[in-house]
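Just below is one structure, and these are the notes that go with it.
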2 protein chains.
Amino acid sequence: MTGTGWQPVRKTRTFEDVLAQVERRIAEDGLMAGDRLPAERQLAEQLGVSRSSVREAMRVLETLGVVSSQVGRGPDAGAVLVSKPDAALTDLLRLHLGLASLEPREVIDTRLMIERWAAARAALTRPDVSVLAEAIAGMDRAASPEEFVEHDTAFHCALAEASGNRLIAAFMRSLRDSLRRYAVEAVVRLGDTSGLQTDHRRILRAVLEGDPDEATEAVTAHLARAYPDLCGE
Amino acid sequence: MTGTGWQPVRKTRTFEDVLAQVERRIAEDGLMAGDRLPAERQLAEQLGVSRSSVREAMRVLETLGVVSSQVGRGPDAGAVLVSKPDAALTDLLRLHLGLASLEPREVIDTRLMIERWAAARAALTRPDVSVLAEAIAGMDRAASPEEFVEHDTAFHCALAEASGNRLIAAFMRSLRDSLRRYAVEAVVRLGDTSGLQTDHRRILRAVLEGDPDEATEAVTAHLARAYPDLCGE
DNA sequence: CTGATGCTATGGTCTGACCATACTGTGGTC
DNA sequence: GACCACAGTATGGTCAGACCATAGCATCAG
């Protein structure tokens with residue numbers, strides 16, 4: 001289950017074996033999101049392992065956003081395959097930020113990279129921009145920095161969604177979740193949000209007009225305003 | 001432990017409580033990579049839960065690349081805090097690709113985005129390029145597409161490392177791991193690798209000369225050659 | 001036909017046991 | 001005193017079996 005390269009010759013643990021078997025079954029049977037996995041007790045018997053080991057494997061799959069477990073009985077109960085990488089990415093970023101093994105700077109830089117790319121892509125695909133417009137209106141109405149950031153996050157995540165790339169959109173959502181604290185600080189530091197709103201409208205206009213270069217430029221200007229100390233790129 | 005937003009009012013499971021406690025302890029005590037967590041039995045007693053629940057929490061943390069468990073006794077035994085997000089990202093991508101909830105196109109596009117950014121950054125930071133040069137030499141010596149891709153991966157990952165952003169470098173490694181199969185196919189399809197090598201040398205030169213625009217351009221040209229069907233960006 | 005009620009399969013949790021591992025300390029030997 | 005063999009022990013890994021809460025399902029009474 002772990003990545004391809006691993007130096008130590010460590011013996012494969014039972015739950016790792018379960019993971020491999022489940023992954024193999026997913027690939028061979030062509031299982032998709034929405035399909036059900038066998039019940040824990042059943043899977044344990046099939047693989048000749050204890051239920052504990054199956055449970056640990058399930059926990060891993062759940063952490064990776066691949067399965068969702070529901071108690072009870074019926075079609076929706078049991079371990080169902082899903083596709084929710086967001087929580088996994090968010091947890092990953094938050095924990096590694098907490099461990100100080102990632103600098104905020106690195107996370108913010110990553111966000112800059114994603115956002116510029118997504119804006120250009122969104123301008124090319126001419127998406128539905130109603131969510132973007134609504135988010136801008138929400139920011140206009142916002143009565144507190146927290147509320148402003150809430151709608152700001154919605155705006156930027158919608159922009160990433162509009163790029164049409166689900167991986168990048170998921171990454172963007174996770175980055176925003178991890179950076180919410182810093183975003184609020186930035187808004188408080190700025191005080192006046194009218195400049196940010198001007199930027200947002202410029203980004204929206206560029207997307208509407210299908211001008212990727214202008215969209216990239218607008219996003220760059222926006223982020224330079226929001227994080228002036230990090231603009232040196 | 002799960003991300004901030006979660007609609008269902010689902011009762012907090014015990015292992016999630018353990019995760020929260022451990023995370024709190026990491027934050028409050030300022031624990032860093034290399035520090036040890038209490039033993040499973042000890043932690044279970046401290047938190048008033050069973051060892052099973054502690055183990056499930058450990059499995060999650062291990063999946064996220066935050067802890068590493070070692071059996072035996074001594075200073076290196078037990079659950080040690082680490083910082084290895086690579087395997088987590090790789091597993092995440094591979095599983096979601098297997099579930100067909102992510103298209104190869106989306107992953108490859110993400111790679112393009114990262115690579116262009118990293119090349120420009122590397123050109124600005126003037127890193128040690130010996131690894132890059134060695135990777136190019138390795139590709140010259142390669143006797144099979146698999147071997148070529150091996151060194152090609154090393155080259156592109158080294159480029160990402162050279163950007164100085166560990167998050168992006170980790171993401172790049174995971175992307176390459178997930179895409180190894182497609183990379184080999186691309187090399188086989190091309191047949192002749194001399195063009196790719198010309199590109200690699202151009203990228204290396206641009207980084208050496210500290211020219212970020214040329215580096216971006218070189219990477220773009222390289223990827224357009226490697227994935228001609230995806231060049232429409 | 002409808003509603004109430006017991007049944008049952010599911011995940012969630014706990015307990016207690018045993019194993020393999022790898023360090024630690026002890027004691028004997030040279 | 002230095003060194004080595006060996007028992008002790010704390011660690012994670014695994015298993016078996018039990019009990020609980022949940023939630024759909026089947027049955028039966030009206």
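Proteins come first, then strands; the chains are lettered A, B, ... in the order of their sequence lines, and each starts at number 1. Because only heavy atoms are used, hydrogens play no part in the values below, and waters and symmetry mates are left out as well, while side chains stay in.
- Residues from residues 48-58 of chain A lying near DNA chain C, meaning a heavy-atom separation below 4.0 Å, are R51(A), R55(A) in numerical order.
- The CG-C1' distance, from D76(B) to dG12(D), rounds to 14 Å in whole Å.
- Side-chain atoms of R13(B) and base atoms of dG11(C) include no donor and acceptor less than 3.5 Å apart.
- Qualifying ring pair (Phe, Tyr, Trp, His ring centres under 6.0 Å) partners for Y182(A), counting only residues two or more places apart in sequence or in other chains: none.
- Residues that satisfy the side chain to side chain contact (heavy atoms under 4.5 Å, CB included) test with A119(B), not counting sequence neighbours, are L159(B), A215(B), V219(B).
- The separation between F15(B) atom CZ and dG11(C) atom C1' is 11 Å, rounded to whole Å.
- Rounded to whole angstrom, the span from the CD atom of Q70(B) across to the C1' atom of dG13(D) amounts to 13 Å.
- Looking at D109(B) and R105(B), a side-chain N of the basic residue comes within less than 4.0 Å of a carboxylate O on the acidic one, giving a salt bridge.
- Which of dG13(D), dT11(D), dG11(C) sits closest to the side chain of Q42(B) comes down to dT11(D).
- Residues that satisfy the side-chain hydrogen bond (donor to acceptor under 3.5 Å, both in side chains) test with E40(B), not counting sequence neighbours, are R51(B), R55(B).
- The distance from atom CG of L19(A) to atom P of dT14(D) is 11 Å, rounded to the nearest whole Å.
- Distance E40(B) CD to dT14(D) P: 11 Å, rounded to the nearest Å.
- The CZ atom of R36(B) sits 12 Å away from the P atom of dA10(D) (whole-angstrom rounding).
- Each of R41(A) and A77(B) lies near DNA chain D, and the nucleotide nearest A77(B) is the one positioned closer to the 5' end.
- One interatomic measurement links the two molecules: NZ of K11(A) to P of dG13(D), which rounds to 10 Å at whole-angstrom precision.
- Applying the salt bridge (Lys or Arg N to Asp or Glu O under 4.0 Å) test to every pair with at least one member in residues 79-89 of chain B, sequence neighbours left out, gives these pairs: D86(B)-R173(B).
- Not counting sequence neighbours, E147(A) has no partner by the side-chain hydrogen bond (donor to acceptor under 3.5 Å, both in side chains) test.
- For E45(B) and dT11(D), the CD to P distance is 12 Å, given to the nearest whole Å.
- Within the 4.0 Å cut-off from OP1 or OP2 of dG11(C), not a single side-chain nitrogen or oxygen of S69(A) is found.
- Checked against ring pair (Phe, Tyr, Trp, His ring centres under 6.0 Å), F155(A) has the following partners two or more places apart in sequence or in another chain: H200(A).
- Of the two residues contacting DNA chain D, namely G74(A) and T14(A), the nearest-nucleotide position lying further toward the 5' end is that of T14(A).
- When the ring pair (Phe, Tyr, Trp, His ring centres under 6.0 Å) test is applied to F15(A), no partner is found at least two apart in sequence or on another chain.
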N/O to N/O distances under 3.5 Å, protein versus nucleotides 5-9 of chain C:
| unit_1 | atom_1 | unit_2 | atom_2 | d |
| --- | --- | --- | --- | --- |
| dT8(C) | O4' | R73(A) | NH1 | 3.2 |
| dT8(C) | O2 | R73(A) | NH1 | 3.2 |

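- Surrounding CD of Q46(B) are more than 12 heavy atoms belonging to other residues, nucleotides or ligands, all under 6.0 Å away.
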